[in-house]
Amino acid sequence: MTEDEEKGQRRFQAPRGANDVLPEDEAYWRFVRETGERICHSFGYRRIDTPVFEDARLFLRGAGEGTDIVEKEVYIFEDRGGDRLALRPEGTANVCRAYLEHGMQSLPQPVRLFYFSPVFRYDRPQAGRYRQHTQIGIEAIGDGSPLVDAETIDVLSSYYDALGLSGLTLHLNSIGDSNCRPTYVQSLRDYYEGKLGGVCGDCKVRFEKSPLRMLDCKERGCRPLIEAAPLISDSLCEDCDQHFTALQSHLAALDIDFVHNPRLVRGLDYYTRTVFEFMPKEEGAQSVIGGGGRYDGLIELLGGRSTPGIGFGSGLERIIINLKRQNAPIPEIAAPRVYVAHLSEAAQGAALGIARELRRGDVAAVVGGAGRSLKAQLRHADGLGARYAAILGDKELASGEVTLRDMANGEQRSVANADLVAAAKTG
RNA sequence: GUGGGCGUAGCCUAGCGGUUAAGGCACCUGGUUGUGGCCCAGGAGAUCGAGGGUUCGAAUCCCUCCGUCCACCCCA
């Protein structure tokens, strides 16, 4: 900000790529969160919350130095004590850190965890892509069998089903492990050696740092070479191959359709074996709504014993975009049940008391604005969608009653204060 | 990070070089004494995204920045 702007009364705006979630979207957010929590619990997952910031090295080491996320998208800062911290750019590393820090190796394995958390990436915003977004994620740590891979995918797929999202395609691949991947990467290098002239600038860098990601390049010029490149699925070692085969048969048993996309790789380096993504039918760049994979080397990389893990992350904002696009039915947020209108200063205190009694009786109540006419208060009640208006004037004050008006049909009756909660609950 | 479109009150839009920036929705207040949704009347709300420049004069033209959207890229 320049000095002039500081002096002037420039209005503040939310930072670029960061959004307010307004009450008009409350129903979507509640639906998406409650459904997620319900599904996760139904699979035996327990909630974990981790800090939004962590030692920067946790992410730099975990996600991989060669990735875009780490190289140009992590929010890094130094705090007042001089520690290098980073805002979480993804959810898995935190959870793995917590698993190690709290000795979860000694819990029955796998440890099944889920979370909702804000995620930060310094990216150029556009629709469906934000600098702060929210992910639901799960991690199953401590069991390397393909059964858990199938379960993880089943959780995500069940979640989308429960939300009513349709038309999603599951893309699936195996990218091998520390045993077979190096051999494959070498064969990929051999293949590209001498062909680098026909490849984009990014891919030249990827060739050095992370050749696998060349397969994922969207540059038109790179396509033909990708088409003809050797496939990881053809060079999986026997263990990886069996793992992948078993996963596919488990998915078949669950009736979960998928497309084997041999060129699917993911943006984080810690993935091994299984990787997957869910894509909606709609076109558009920001289409992936959820994805994940296995990370059998990550815990060890973070200083633990060799421990397998698998998980997914799914963007709630993108889910909501798709729910809106599909016009999916969403449970509404209830309007306040009773609007307590008052006609004199003397009635104000009584109105506050009556509203409190209603709430204690589990009836949502809103008190009318001071100094507003009854007409204005009823208009307000109507605008809020209240079912009843409880009217309190001198008459009612004297008799210990309220006038209860049914806003739907305008019928009114006197109700003794003691009977109000019951009356407000009926109809 | 690259390229392009857009930016007028909370929202949608008119105005596109010339005096007090117009309308609709929403909001507030009234239409006599304690009654909503329709109608009518009135009111409040805009340094025309910000800063600079051109001009006698700019919301209207130019530049820079910010924001937003789209494509690329990246990914959830």
Side-chain angles (χ1 to χ4, degrees), chain A residues 1-19 22 24 63 67-73 89-92 117-137 156 200-203 206 213 216-220 222 265-268 277-280 283-292 312-322 339 341-344 347 368-369 371-386 388-397 403-412:
Chain A
M1 225 196 254
T2 68
E3 274 184 44
D4 284 343
E5 283 171 325
E6 274 179 44
K7 269 185 214 153
Q9 324 54 1
R10 200 171 84 103
R11 284 226 262 165
F12 286 109
Q13 296 177 306
R16 180 167 208 201
N19 298 110
L22 301 175
E24 62 194 46
T67 62
D68 277 18
I69 290 181
V70 162
E71 281 202 338
K72 40 195 192 195
E73 295 177 7
E90 53 99 22
T92 302
S117 70
V119 172
F120 305 85
R121 288 179 204 163
Y122 189 83
D123 209 345
R124 182 137 170 199
Q126 63 192 69
R129 185 171 80 187
Y130 311 108
R131 288 184 173 180
Q132 174 178 343
H133 74 275
T134 314
Q135 287 190 13
I136 178 177
L156 190 51
C200 73
D202 282 342
C203 279
R206 291 178 185 132
R213 315 204 58 244
D216 210 23
C217 186
K218 273 87 182 177
E219 229 27 74
R220 222 163 280 126
C222 296
V265 296
R266 307 215 73 244
L268 300 160
E277 289 182 348
F278 279 85
M279 316 257 295
E283 306 296 319
Q286 271 62 58
S287 50
V288 176
I289 66 169
F312 69 70
S314 186
L316 298 188
E317 289 84 356
R318 287 190 186 173
I319 289 174
I320 289 171
I321 286 170
N322 280 279
Y339 185 96
H342 44 82
L343 301 174
S344 65
R372 298 172 119 187
S373 66
L374 180 58
K375 179 194 185 89
Q377 291 185 71
L378 287 177
R379 191 153 42 206
H380 192 191
D382 189 48
L384 295 178
Y388 292 108
I391 300 168
L392 259 183
D394 293 339
K395 272 189 321 208
E396 290 82 357
L397 235 41
T403 298
L404 192 64
R405 178 182 179 83
D406 187 328
M407 296 298 287
N409 55 25
E411 281 169 16
Q412 297 191 174

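Computed from a predicted structure; not experimentally measured. The figures that follow rest on heavy atoms only: side chains count, while hydrogens, waters and symmetry mates do not. Residue numbers start from 1 in every chain, and the chains themselves are labelled A, B, ... in the order their sequence lines are given, proteins ahead of strands.
The separation between A:Ile319 atom CD1 and B:C75 atom P is 19 Å, rounded to whole Å. The interatomic distance linking A:Gln135 (CD) with B:C74 (C1') rounds to 14 Å, in whole Å. At whole-Å resolution of the value, CG in A:Asp123 and C1' in B:G1 are 10 Å apart. Between the CZ atom of A:Phe120 and the P atom of B:A76 there is a distance of 16 Å, rounded to whole Å.
When the salt bridge (Lys or Arg N to Asp or Glu O under 4.0 Å) test is applied to A:Asp394, no partner is found at least two apart in sequence or on another chain. Under the rule for a side-chain hydrogen bond (donor to acceptor under 3.5 Å, both in side chains), the partners of A:Asp406 that lie at least two apart in sequence or sit in another chain are A:Arg387. Checked against salt bridge (Lys or Arg N to Asp or Glu O under 4.0 Å), A:Glu317 has no partners two or more places apart in sequence or in another chain.
Side-chain contact between A:His342 and A:Gln377: present, with at least one pair of heavy atoms (C-beta onward) separated by less than 4.5 Å. Taking 4.5 Å as the limit, some side-chain heavy atom of A:Arg16 sits within range of a side-chain heavy atom of A:Arg124. For the pair A:Thr403 and A:Lys395, the minimum side-chain heavy-atom distance is 4.5 Å or more.
Contact record, A:Met407 with A:Ala381: CE-CB, 4.1 Å, taken as the closest heavy-atom pair. A:Val288 approaches A:Arg318 most closely through the heavy-atom pair O-NH1, 2.8 Å.
Minimum atom distance to the side chain of A:Ala127 is reached by B:C70, of the listed B:C70, B:A76, B:G67. Listed nucleotides B:C75, B:C73, B:C66 differ in distance to A:Val288; the shortest reach to its side chain belongs to B:C75. For A:Pro125, counting side-chain heavy atoms from C-beta on, the closest listed nucleotide (B:A76, B:U68, B:G67) is B:U68.
Atom P of B:A58 sits at a distance of 15 Å from the matching atom of B:A50, rounded to the whole Å. Taking atom P on both B:U19 and B:C61, the two are 16 Å apart, rounded to the nearest angstrom. Comparing B:U33 with B:C38, their C1' atoms are spaced 24 Å from each other, to the whole Å. B:U54 and B:A41 have their C1' atoms separated by 46 Å, with the value rounded to a whole Å. Taking the P atom of each, B:G24 and B:U20 are spaced 22 Å apart, rounded to whole Å. Comparing B:U8 with B:G23, their C1' atoms are spaced 13 Å from each other, to the whole Å. A distance of about 15 Å separates the C1' atoms of B:A9 and B:G15, rounded to the whole Å. B:A59 and B:G17: their C1' atoms are spaced 10 Å apart (whole Å).
Counting only Watson-Crick and G-U wobble pairs whose two distances sit under 3.5 Å, RNA chain B takes part in these stems of three or more pairs: B:1-7 with B:66-72, B:10-13 with B:22-25, B:27-31 with B:39-43, B:49-53 with B:61-65.
Looking at A:Arg129, its side chain comes within 3.5 Å of the base of B:C74 through a donor and an acceptor atom.
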Reading 5' to 3' through nucleotides 32-46 of chain B, protein heavy-atom contacts under 4.0 Å coded B for base, S for sugar-phosphate only, - for none: --BBBB---------

For every nucleotide of nucleotides 3-8 of chain B, 5' to 3': is a protein heavy atom under 4.0 Å from its base (B), only from its sugar-phosphate (S), or from neither (-)? BB----

